[in-house]
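Notes follow the structure.
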Amino acid sequence: MATQAETGDRFEAQQEKKKLIRRLVPDGSQRIRRAVQWLFVALNAWLGVQFYLWVRFIEHGGTGLSVPRPAGAEGWLPIAGLMNAKYFLLTGRIPAIHPAAMILFIAFLLMSLVLKKAFCSWLCPVGTLSEQLWKLGRKLFKRNLRLPRWIDLPLRGLKYLLLGFFVFILGDMSAEAIQDFMSSPYGLVADVKMLNFFRDIGFTAAIVIGLLVVLSVLIQNFWCRYLCPYGALLGLASLLSPVKIRRDADACIDCGKCARACPANLPVDRLMQIRSVECTSCMACVAACSSQDALQFALPPRQAGTSAERWRKRVISPRVVAGVLACIFFGLVLYAKIAGHWQTNLPREVYMDLVTHASEAVHPDY
Ligand code: SF4
Ligand code: SF4
């Protein structure tokens, strides 16, 4: 049995261990992440405007301002990306219709395999909008709502149900069925139909979007946390990522700032590593931590005596995250462009006919 003196020694040692050693270099993760987010929003806005101008040009019979069709807009066709990925897996051939949708889908999946769900908090424009909305809510009401666990947990399952639905439908489709679907008028102008959805938005759709906006102001990342099937898929892929948020118990002073900063409500201050599919690699927890070597976005630590040695060359800095995301994104896009797998090459006359009759194109039954 420990004597009073020994217990006292242990207590003192623990106190010593918990002394705050301030971070040597200030954390710049949120500044870098915000810059990457807004650059990607700008890229998407540019693609959106170009796509709109192209549709107008085609609708006006090829008169007026002539702009090429931006294949990058297919990044907004995740289902087409998923279908084409299955086609590629079954046949080994890169599909001719909406190949960019598949290339971008693979790029975002790859990012999740390497850097957890970094796509969601570093690149996705919906994620960026969502983040701005809950920050606005926090400014207006001084806080965001946290749903009780008994509602939060089943609601979080919704996105997997939606993902399961798409995977179930896709599971039944052969390569031929996918090819037929993509070559149908509906498949060919799926992107134009999406644009038309927003151009001629109906009353019900406007109400639903308005409701989602209000809920996103009140609850952090409402869409991403509960409804986004794309995020659900990337979350599952992120389980394989070797990089995780990791806490060093020796350097941690148990202040709880990281958990309070986490938009996914994860108990960062109580876990040694964050395996959760909800972690978006936003690094807000790392930014909130003021203790040197206590919290990192890192590869598994080394076996060593001191915290500094444990994390030497294991930490993934925000600059490296931005660099890896850029390499995967631009690398795959460049490859696809050089290899001729980026554009959907349809003659202008075919687009003239399809785009002007896009509203008549109905979903084929398979
Ligand atoms: S654990 Fe950290 S990186 Fe993951 S979502 Fe929470 S704040 Fe972001
Ligand atoms: S912010 Fe989290 S990891 Fe950092 S010292 Fe506080 S409890 Fe520990």
Side-chain angles (χ1 to χ4, degrees), residues 14-34 36-37 111-112 114-124 127-128 130-131 134-135 138 144 146 152 156 159 219-226 228 231-232 234-239 241-299 301 307-308 310-311 314-322 324-325:
Q14 211 176 2
Q15 288 298 300
E16 211 172 302
K17 198 169 68 180
K18 295 291 175 186
K19 208 164 72 185
L20 171 66
I21 299 172
R22 285 210 171 271
R23 196 195 272 283
L24 299 173
V25 184
D27 176 89
S29 62
Q30 299 312 291
R31 192 172 35 84
I32 296 172
R33 187 171 68 86
R34 268 194 299 276
V36 174
Q37 277 182 316
M111 288 172 188
S112 306
V114 180
L115 295 171
K116 286 194 67 80
K117 269 195 331 185
F119 168 76
C120 298
S121 67
W122 285 72
L123 297 182
C124 177
T128 303
S130 214
E131 187 176 335
W134 70 253
K135 283 183 174 167
R138 189 166 278 189
N144 297 110
R146 284 199 176 185
D152 178 63
R156 265 157 53 187
K159 58 182 183 286
I219 299 167
Q220 282 180 308
N221 297 329
F222 180 84
W223 166 262
C224 314
R225 188 171 178 84
Y226 299 125
C228 180
L234 298 186
L236 294 177
S238 79
L239 289 171
S241 167
V243 186
K244 291 184 177 26
I245 294 291
R246 299 179 193 274
R247 191 173 64 91
D248 190 313
D250 286 348
C252 172
I253 56 162
D254 300 312
C255 65
K257 283 185 194 167
C258 49
R260 288 196 290 279
C262 176
N265 298 341
L266 296 169
V268 191
D269 58 336
R270 281 183 274 131
L271 299 169
M272 298 306 288
Q273 57 176 333
I274 304 294
R275 288 207 188 95
S276 169
V277 287
E278 301 296 335
C279 175
T280 60
S281 318
C282 69
M283 295 173 86
C285 53
V286 179
C289 178
S290 40
S291 180
Q292 177 68 24
D293 297 323
L295 199 64
Q296 353 264 352
F297 191 45
L299 292 161
S307 299
R310 276 197 285 276
W311 299 110
R314 311 305 283 167
V315 177
I316 309 296
S317 75
R319 279 198 172 80
V320 171
V321 173
V324 171
L325 294 178

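In each ligand, atom 1 is the first atom listed, and ligand 1 is the first ligand listed. Values below: every heavy atom of this structure, side chains too, minus hydrogens, waters and symmetry copies. For clarity, every value in this text was computed on a predicted model and none was experimentally measured. Starting from 1, each residue takes its place in the sequence as its number.
- In terms of protein heavy atoms, atom 5 (S) of ligand 2 is closest to Ile253 N, 3.4 Å.
- The side-chain heavy atoms of Arg23 and Val286, taken from C-beta on, include a pair separated by under 4.5 Å.
- If you number the atoms of ligand 2 from 1 as listed, the ones under 4.0 Å from a heavy atom of Asp269 come out as 7 (S).
- Within the model, atoms CZ of Arg225 and CZ of Arg156 stand 5.0 Å from one another, a figure rounded to the nearest 0.5 Å.
- Crowding of Ile21 atom CD1: a count of heavy atoms from other residues, nucleotides or ligands under 6.0 Å not exceeding 12.
- Partner Asn221 forms a side chain to side chain contact (heavy atoms under 4.5 Å, CB included) with one of Ser130, Cys120, Cys228, Ser121 and no other, that one being Ser130.
- Set against the non-hydrogen atoms of Pro263, the atoms of ligand 1 under 4.0 Å away are 7 (S).
- Close approach of ligand 2 to Cys252 (heavy-atom distance below 4.0 Å) involves ligand atoms 3 (S), 5 (S), 7 (S), 8 (Fe).
- When hydrogens are left out, the protein atom nearest atom 6 (Fe) of ligand 2 is Cys255 SG, 2.3 Å; that is the closest non-hydrogen contact.
- For the atom pair OG of Ser281 and CE of Met111, the computed distance is 12.0 Å after rounding to the nearest 0.5 Å.
- Every atom of ligand 2 is numbered from 1 in the order shown, and the set under 4.0 Å from a heavy atom of Cys258 is 1 (S), 2 (Fe), 3 (S), 7 (S).
- In terms of heavy-atom proximity, Leu239 sits nearest to Lys244 at O-NZ, 3.9 Å.
- Note on ligand 2: Gly256 sits in its first shell, one or more heavy atoms being nearer than 4.0 Å.
- Sorted by chain and number, the protein atoms of type N, O or S within less than 2.8 Å of atom 4 (Fe) of ligand 1 are Cys279 SG.
- Residues Leu295 and Ile245 approach most closely at CD1-CG2, 3.9 Å, considering heavy atoms.
- Of all heavy-atom pairs between Ala261 and Ala288, the closest is CB-CB, 3.6 Å.
- No hydrogens or angles considered: nothing links the side chains of Arg34 and Gln37 as a donor-acceptor pair under 3.5 Å.
- Between Arg246 and Gln273, the side chains place a donor N or O and an acceptor N or O closer than 3.5 Å (distance only, hydrogens not considered).
- Atoms of ligand 2 found under 4.0 Å from any heavy atom of Arg247 (numbered from 1 in listed order, with element): 3 (S).
- When hydrogens are left out, the protein atom nearest atom 4 (Fe) of ligand 2 is Cys289 SG, 2.4 Å; that is the closest non-hydrogen contact.
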